[in-house]
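Note that these values count all heavy atoms, side chains included, but never hydrogens, waters or copies made by symmetry.
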Amino acid sequence: EYIFVVGLFFLFKPISYKVKLKIGKFLGRLVYFLDGYRRFVAYTNLKIAFPEKTDEELQKILKLHFEELGKFGMEFLHLPSMKKKFLKSI
């Protein structure tokens, strides 16, 4: 696992932060469509937490959640190249 993560760091290092976020959003959407089990579990949890929300609202929240998870993963890969000034600005 360690070698895989280090390989990802080097693979994505030359890519800009904004492009990494777009890639992450895409990967999040991909996981949303491919991983039906996790989608089902997350949807069930949202339905329990927000019973007043419609199915359309829950689906929108769910899709955005997966997109944000993908972006978070790419931000994690960007951490080693972030400068202190940038980190303080966010």
Are [X] and [Y] connected in the hydrophobic side-chain network, where two residues link if heavy atoms are under 4.5 Å apart?
X	Y	result
Val19	Leu79	yes
Leu11	Leu27	yes
Leu21	Leu64	no
Phe33	Leu46	yes
Tyr32	Val41	no

Quiz prompt | Spatial distance of atom CG (Leu69) from atom NZ (Lys25) [nearest 0.5 Å] | solution = 14.0 Å

Quiz item: Atom CZ in Phe66, atom CG in Leu30: separation rounded to 0.5 Å?
Solution: 11.5 Å

Exercise. Might you point out which heavy atoms bring Leu34 and Arg39 nearest each other, and give the distance in Å?
Key: N-NH1, 4.4 Å

Quiz item: Counting heavy atoms not belonging to Phe72, are there more than 12 under 6.0 Å from its CZ?
Solution: no

Quiz item: Can you tell me if CD1 on Ile3 sees more than 12 non-hydrogen neighbours from other groups inside 6.0 Å?
Solution: no

With a 4.5 Å cut-off on side-chain heavy atoms, are [Y] and [X] touching?
X	Y	value
Phe12	Ile23	yes
Leu58	Leu62	no
Met74	Leu77	yes
Gln59	Tyr43	yes
His78	Ile15	no
Phe10	Leu8	no

Quiz item: Salt bridge check: are Glu75 and Lys20 linked by an N-O gap of less than 4.0 Å?
Solution: no

Quiz prompt | SB check Lys60 Glu57 (cutoff 4.0 Å) | solution = no

Practice problem: Could you walk me through whether Arg29 and Glu67 pass the side chain to side chain contact (heavy atoms under 4.5 Å, CB included) test, one step at a time? | Solution: CA-CA 6 Å; Arg29 286 180 186 170; Glu67 289 176 3; 2.8 Å; yes

